[in-house]
Amino acid sequence: MENTLHFKDLGLDNRLLKTLKHFDFKQATEIQQKAIPVAIAGKDLLASSKTGSGKTLAFVLPMLHKSLKNKAFSAKDPRGLILAPTRELAKQVYTELRSMLSGLSYEATLIVGGENFNDQVKALRRYPKFIVATPGRLADHLEHRSLYLDGLETLVLDEADRMLDLGFAPELRRIHNAAKHRRRQTLMFSATLDHAEVNEIAFEMQDAPKRIAVGVSNEEHKDITQKFYLCDHLDHKEAILERVLEEAQYKQLIIFTATRADTDRLTEKLNEQKLKAIALSGNLNQTQRNTIMSQFERGVFKILVTTDVASRGLDIANVTHVINFDMPKHTEEYVHRVGRTGRAGNKGDAISLVGPKDWDSFKRVEAYLQQDLQFSELEGLKGKFKGLKPRKPDFRGKVKSSKKAKPQAKKVAKKPAQRDKAFYQNVAVGDSVFIPKKKVAPKADDE
């Protein structure tokens with residue numbers, strides 16, 4: 001399919017085309033061109049595409065088109081439900097859904113953990129037609145009977161692989177069973193289609209889905225320049241970070257760390273240098289997280305220091321640089337981290353600092369990307385660390401250890417060592433010499 005299709009060529013309702021025109025969306029991305037016609041036709045869909053490919057509109061638009069063209073199954077139940085793995089991604093999808101609902105008479109609501117449960121119950125009692133939610137909190141509402149899905153028309157699983165990796169399979173099955181009827185359409189999106197659990201749950205929840213793969217999750221992102229620096233230790237990392245921040249011409253920047261403690265420590269250090277940084281980590285409540293993300297999106301802060309909590313769902317055009325202060329533990333997270341920059345056709349820079357503790361993660365990323373990654377150097381900050389050699393299996397050590405096991409068995413079988421005996425008049429009497437008492441001659445009176 002040629003990459004010249006416009007939204008008006010995809011058979012969408014005119015009311016949606018008017019909204020798209022208002023937001024200056026004209027040409028559809030590849031995933032939108034392939035997914036929207038399939039979804040409009042009413043078929044189930046199992047799709048994968050790389051981050052920043054525009055997949056949100058690929059499921060939002062056909063879901064809304066279906067609602068505009070068909071009569072609702074139920075007057076009270078939601079018509080469309082979108083599930084996302086994290087609160088941040090759910091919020092991002094909800095914002096895009098609200099944009100597409102402008103001018104339409106439909107109401108949508110956001111249901112995620114960390115928010116007041118009773119307030120969500122009140123929102124659900126207004127019978128919104130579309131819901132964006134995280135699986136755990138939505139399953140809670142099903143259990144408390146504040147929500148029914150008998151009339152659900154479209155179920156969307158965004159980043160299904162991530163939801164399964166986070167252990168949401170039981171909640172997804174509970175939601176599926178609450179809306180289990182033959183007229184429900186299920187659209188499932190995943191970073192990869194080679195995920196065993198994704199294929200298993202797709203078999204359970206979908207009816208002969210059409211499979212679409214656009215690009216590969218480990219495909220090189222042409223809009224992003226990747227650089228890697230070898231670091232000796234923590235101080236060396238911080239020195240390289242300081243130099244990068246001095247030289248980089250960035251609008252906004254995200255720094256990813258391994259721990260919450262590193263997030264807070266780096267943020268404090270950057271603010272001492274007057275660099276307008278703010279920290280985001282998993283120990284904050286939802287209100288605090290929302291406030292931080294809002295401030296960063298509005299440009300109040302130029303640098304966001306975070307753990308992997310923000311590696312997905314962030315879509316901020318002004319993020320020109322991503323820095324991996326620590327390499328991610330999970331290889332696929334590298335792709336999601338660097339995908340926070342270079343979005344919507346913009347150029348981006350991804351910089352990774354690789355120390356001895358990061359080496360194994362770096363080698364896994366290299367294998368995952370199927371690239372021979374090269375290291376850059378900064379003048380005056382060249383380190384001594386050159387990488388770790390792969391460990392060779394020591395077969396000789398195994399032979400030695402097996403030989404050592406035999407003498408141990410012999411030791412157990414040995415008889416206990418004989419003790420030295422003491423003798424008295426050439427007779428063995430044991431460890432202590434026993435000396436019999438001398439017989440006393442009877443006294444004369446006894447005779």
Side-chain angles (χ1 to χ4, degrees), residues 1-73 78-84 89-110 127-132 151-159 183-189 209-210 212-215 223 297 313 315-317 343-346:
M1 186 182 289
E2 295 289 333
N3 289 330
T4 54
L5 281 179
H6 289 68
F7 284 108
K8 63 182 180 181
D9 302 320
L10 299 177
L12 290 166
D13 187 276
N14 285 330
R15 286 164 284 187
L16 294 175
L17 293 176
K18 190 180 293 184
T19 305
L20 288 166
K21 186 178 180 181
H22 173 76
F23 288 103
D24 203 27
F25 291 144
K26 296 176 182 176
Q27 188 170 320
T29 65
E30 190 177 358
I31 185 63
Q32 292 163 359
Q33 292 176 36
K34 291 185 175 181
I36 290 174
V38 173
I40 284 179
K43 296 180 180 180
D44 285 357
L45 179 66
L46 179 57
S48 73
S49 64
K50 64 185 181 181
T51 183
S53 60
K55 64 180 170 61
T56 305
L57 284 183
F59 56 74
V60 165
L61 290 173
M63 180 181 72
L64 297 182
H65 172 89
K66 185 177 181 179
S67 299
L68 290 167
K69 294 293 185 182
N70 301 307
K71 188 178 179 181
F73 295 158
R79 304 189 69 174
L81 169 63
I82 303 170
L83 297 173
L89 181 58
K91 184 183 175 187
Q92 189 71 45
V93 171
Y94 179 68
T95 301
E96 204 153 346
L97 172 62
R98 288 287 301 273
S99 298
M100 290 300 106
L101 285 174
S102 58
L104 302 177
S105 58
Y106 293 135
E107 188 177 345
T109 192
L110 179 66
Y127 306 121
K129 293 304 171 189
F130 301 99
I131 296 173
V132 181
L152 187 69
E153 298 168 29
T154 307
L155 174 63
V156 179
L157 277 68
D158 190 13
E159 296 197 3
R183 297 177 67 187
R184 188 196 80 200
Q185 183 181 24
T186 307
L187 310 178
M188 196 177 296
F189 288 76
K210 171 75 174 176
I212 294 174
V214 175
D223 294 327
E297 287 173 12
D315 190 3
I316 301 172
R343 300 179 75 83
N346 296 317

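Predicted, not measured: the structure shown is a model, and the values here were computed from it.
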Open item on the list: Within the structure provided, determine whether Phe130 and Ser67 are in side-chain contact (heavy-atom separation under 4.5 Å).
Closed with: yes

Task: Pairwise side-chain contact, Val60 with Ile82, heavy-atom cut-off 4.5 Å (strictly under) - done: yes

Task: Spacing of NE2 belonging to His22 relative to CG belonging to Leu17, to within rounding of 0.5 Å - done: 14.5 Å

Task: Full working for side-chain contact (heavy atoms from CB on, under 4.5 Å) between Asp158 and Leu83 - done: CA-CA 6 Å; Asp158 190 13; Leu83 297 173; over 6 Å; no

Open item on the list: What I'd like to find out is whether the side chain of Leu101 reaches to under 4.5 Å of the side chain of Glu107, using heavy atoms alone.
Closed with: no

Open item on the list: If you define the side chain from C-beta out and look only at heavy atoms, does anything of Leu155 sit under 4.5 Å from Leu187?
Closed with: no

Task: Close side-chain approach of Phe7 to Gln32, heavy-atom, < 4.5 Å - done: yes

TODO: For residues Leu45 and Ala35, report the shortest heavy-atom separation together with the two atoms involved.
DONE: CD2-CB, 3.6 Å

- [ ] Of all the heavy-atom pairs spanning Ala58 and Ile36, show the shortest one and how long it is.
- [x] O-CG1, 3.9 Å

Open item on the list: Under the rule for side chain to side chain contact (heavy atoms under 4.5 Å, CB included), what residues qualify as partners of Lys71, not counting sequence neighbours?
Closed with: none

Task: Qualifying residues under side chain to side chain contact (heavy atoms under 4.5 Å, CB included), relative to Lys66, sequence neighbours excluded - done: Asn70, Glu153, Thr154, Gln185

- [ ] Supply the atom-to-atom distance Lys26 NZ to Asp24 CG, rounded to the nearest 0.5 angstrom.
- [x] 5.0 Å

- [ ] Quick one: pull up OH in Tyr94 and OG in Ser99 and give me the separation to the nearest 0.5 Å.
- [x] 10.5 Å

Task: Which atom of Asp44 lies closest to which atom of Arg184, heavy atoms considered - done: OD1-O, 4.2 Å

- [ ] Using a 4.5 Å cut-off on heavy atoms from C-beta on, say whether the side chain of Leu104 contacts that of Leu68.
- [x] yes

Task: Leu20 vs Leu12 side-chain heavy atoms within contact, under 4.5 Å - done: yes

Task: Separation between CG of Leu10 and NZ of Lys34, rounded to the nearest 0.5 Å - done: 13.0 Å

Task: Atom pair CE (Met188) and CD (Glu159), whose distance is rounded to the nearest 0.5 Å - done: 13.5 Å

Open item on the list: So, taking the atom named CZ in Arg98 and the one named OG1 in Thr109, what distance separates them when rounded to the nearest 0.5 Å?
Closed with: 9.0 Å

- [ ] Heavy atoms only: give me the nearest Val38-Ile212 pair and the separation to one decimal.
- [x] CG2-CD1, 4.1 Å

TODO: Apply salt bridge (Lys or Arg N to Asp or Glu O under 4.0 Å) to the pair Asp13 and Lys69, showing each step before the final yes or no.
DONE: CA-CA 8 Å; Asp13 187 276; Lys69 294 293 185 182; 3.3 Å; yes

TODO: Side-chain contact test, heavy atoms from C-beta onward, threshold under 4.5 Å: evaluate it for Leu152 versus Phe73 and give yes or no.
DONE: no

Task: Heavy-atom pair of closest approach, residues Ala90 and Val132 - done: O-CG1, 3.4 Å

Open item on the list: Among residues at least two apart in sequence or on other chains, which ones pass side chain to side chain contact (heavy atoms under 4.5 Å, CB included) with Thr19?
Closed with: Phe23, Met100, Ser102

